[in-house]
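See below for the structure under consideration.
Letters A, B, ... mirror the listed sequences (proteins, then strands); counts begin at 1.
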Amino acid sequence: MPLIELVNISRTYRLNQIRVEALRDVNLTIEEGDFVSIMGPSGSGKSTLLNIIGCLDRPSAGTYTIVGNRVEKMNDNQLADIRNQLIGFVFQSFHLLPNLDAAANVELPLIYRGLGGKERRRRAIHALEAVGLGERVHHLPSQLSGGEQQRVAIARAIAGEPRVILADEPTGALDSKSGENIMAIFTKLNKDMGITIIQVTHEEHIAQYGHRICRLRDGQILQIDETQNGRAVT
Amino acid sequence: MTTTDNNKKNAVFSFLVRTLFAAKMAWHGVLTHPLRSALTILGVAIGVTSVVSLMGIGEGARQAVVAQFKSLGTNVIAIHANDVSVEFDPEEAEELVERVSGVEMGTPVINTKAVMRWRRARGTINLVGVNNEFPDVRDHPVIAGHFFTQWHVMQRSPVAVLGYNVGHGLMGGRSPVGHTFTLNGETFRIVGVLAPKGAANAEGIDDKILIPYTTALKIAGKKKVEQIWLKANSTQEADLAVVQLGRIYKRKLGLDQTAPTPGGTQGGEGEAGPGATAEVMEKIAAAPSPRPAPEKSPIPGGEDLITITNLNQLVKEADQANRVMTLLLGGIAAVSLLVGGLGIMNIMLVSVTERTVEIGVRRAVGAKQIDLLIQFLMEALYVSALGAIAGTAGGIWGLNVFSHYGFHTALSLQSIKIAVMVALGSGLLFGIYPAMIASSVPPIEALRRQ
Ligand SMILES: Nc1ncnc2c1ncn2[C@@H]1O[C@H](COP(=O)(O)OP(=O)(O)OP(=O)(O)O)[C@@H](O)[C@H]1O
Ligand SMILES: [Mg+2]
């Protein structure tokens, strides 16, 4: 059973009278342990695709299955549980809560899972150590650099031990050195922990960290390329 | 079986963790913009303050008025002649006690003045002539000495019982019992001092002197008295006695009066019942609070020659009128509480708009709608609860200030309960809409806005 299976997925936005077809008949299967980069020009539907995979949005048509769960048939609360347990999100602009310190931000998904305070703290610190921020546990986001903030965001994404990390332009707001640092962390998480990674990026060299590159245009998948990394693995 | 039990336990624990966290996050929300929160809290607090203090003033006025009426004694019926022509023989008091059932005591009352001399000081003093049953009729005991006796009354003795202030003033707090003074040149012996009733209470008796009515009649140069006070055994008997008295005097006026009005003897029975009269009320009530407009028809058709007043009824009417007044004040003040609630709603709507991204992030990491609903609702409740606490403190302080300036105030627990409940209620009412908005923003919408 594949981790993620999209069959004939379409997503149509309606703005007043205008219909925008952000995704058209997309078919995509992602196995556990894969590392996929999604590329394409602006407006081609990359974020839309990622949001649907992340259960933040629902397709207008088609069937989407994640770890055996048929998303179209689930209600809002069930989707929240799926996001909480199977998925970790990383955003371009980090989206840390400004009035919580690093550890508290990382604990966030664990709270909504209902874990007790001690267990949460233990896991949060563990996750921060995994991204090399064991020394920054009590820093507020405003006291951290952009690269460090993104690492806190990654720690938040992995704290709940998800099956897949979804990252929408995770390096878009970072300098190239920090960007490579983030990619190194993704590669490590993918290799050592077997976490599936799906990232959207505009940069070819960032995309190359993945095993496969999925190229979108006008809401459709043009082609899927295998990278050097992918060949090395398979 | 055990797994479902465990699941249930886990679900409860999970809910607890999330609610506690929502409470914490809501608190963070309040602290994020301290000035803004403080102003909103102030809005609620002002509402609560005005409810607590206005109701406290209303309640204080009510208690003051009731205390004044009550100071006249319980179950007392006052019969008052409004014209010299219908004044009473002093013996009439005794006759009425005999005739009217449920009445076992009574005293004629005559008010007069005399020049008093005490050592080297002299001045005019108000005298009240009564019989020896006065302390029981008016529930007014002596605190020093004793009251004059029936013997004194019969003998027209020159004895006096001093009102508290008079008694206190004479010898700087030492008991003046046994000493003498003169009234219009005649020497009187002080046999007792009355207990204090407080300013404005009991017709200002603290500043008067009581003497036997027989003696008072002599001083006044009169044969008749203008008032009779009767004491009924119970509230019900007082009500019945008033009806009976109405009938007695209706007949009497018809017979005795020299020029009765044609309708002088008619009128429905019992109309004399619950009416309180303007005259009596004006004398006894120097209260600053509004009074009920009393019906003025004790002896129907008798041109108000004689008024019969059931003091119980006065107390009741004053009490009710003031209760209504208090609630009205509270109601008006509650409107300002509503305004405070609108302040909460306003600030919560702003807060929700500002924090859309936060909402989106929470939803992305697994928060359910209910989690956000609880969080934002709690934030509104914190604001209203803090407002309620601050407002209660403000109200208590305000009442202190008011009482400092001579208002009668009474902090009523009821007013605090009402104010706090309305404050929390408005927090809930005006917080629920913003909270619902917060919880129903679709996650992608929330994350799209930056
Ligand atoms: N909420 C929405 N309402 C209407 N149209 C939308 C909405 N979200 C996206 N679209 C449209 O759908 C199309 C795809 O948007 P999407 O955000 O997926 O593009 P993208 O590939 O992520 O672009 P970028 O690289 O600029 O982030 C665009 O034409 C966009 O205008
Ligand atoms: Mg995008």
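Between R18(B) and Y112(A) the shortest heavy-atom distance is CD-O, 3.8 Å. Across R83(A) and A364(B), no two heavy atoms sit closer than the pair CB-O, 3.4 Å. Residues N84(A) and G366(B) come closest through the heavy atom pair CB-CA, 3.7 Å. Of all the heavy atoms in L115(A) and F13(B), the pair that sits closest is C-CE2, 4.3 Å. Contact detail for L56(A) and L447(B): the closest heavy-atom pair is CD1-CD1, 3.8 Å. Minimum interatomic distance between Q369(B) and N77(A) (heavy atoms only, all atoms of both residues): N-OD1, 4.4 Å.
Residue-environment remark: OH (Y13(A)) exceeds the threshold of 12 foreign heavy atoms within 6.0 Å. Counting heavy atoms of neighbouring residues, nucleotides and ligands inside a 6.0 Å radius, atom CD of E119(A) exceeds 12 of them. Other residues, nucleotides and ligands place more than 12 heavy atoms under 6.0 Å from the CZ atom of R36(B). More than 12 heavy atoms of other residues, nucleotides or ligands sit less than 6.0 Å from atom NE2 of H202(A). Heavy-atom contacts from other residues, nucleotides or ligands closer than 6.0 Å to CE of M74(A) number more than 12.
At a 4.5 Å heavy-atom cutoff, the contact between L97(A) and chain B is made by side-chain atoms alone. Only the side chain of R156(A) comes within contact range of chain B, with at least one heavy atom under 4.5 Å from a heavy atom of that chain. The contact between L100(A) and chain B is made entirely by side chain atoms (from C-beta outward), counting heavy-atom distances below 4.5 Å.
For the side-chain contact (heavy atoms from CB on, under 4.5 Å) test with I444(B), the passing option among T48(A), D57(A), I52(A) is D57(A); the others fail.
In this structure the side chain of D76(A) never reaches within 4.5 angstrom of the side chain of K368(B), judged on heavy atoms. Side-chain contact between F94(A) and V361(B) is absent, with no heavy-atom pair separated by less than 4.5 Å.
Taken from CG in L108(A) to CD in E358(B), the straight-line distance is 8.5 Å, to the nearest 0.5 Å. To the nearest 0.5 Å, the span separating CZ on R120(A) from CZ on F21(B) amounts to 7.5 Å.
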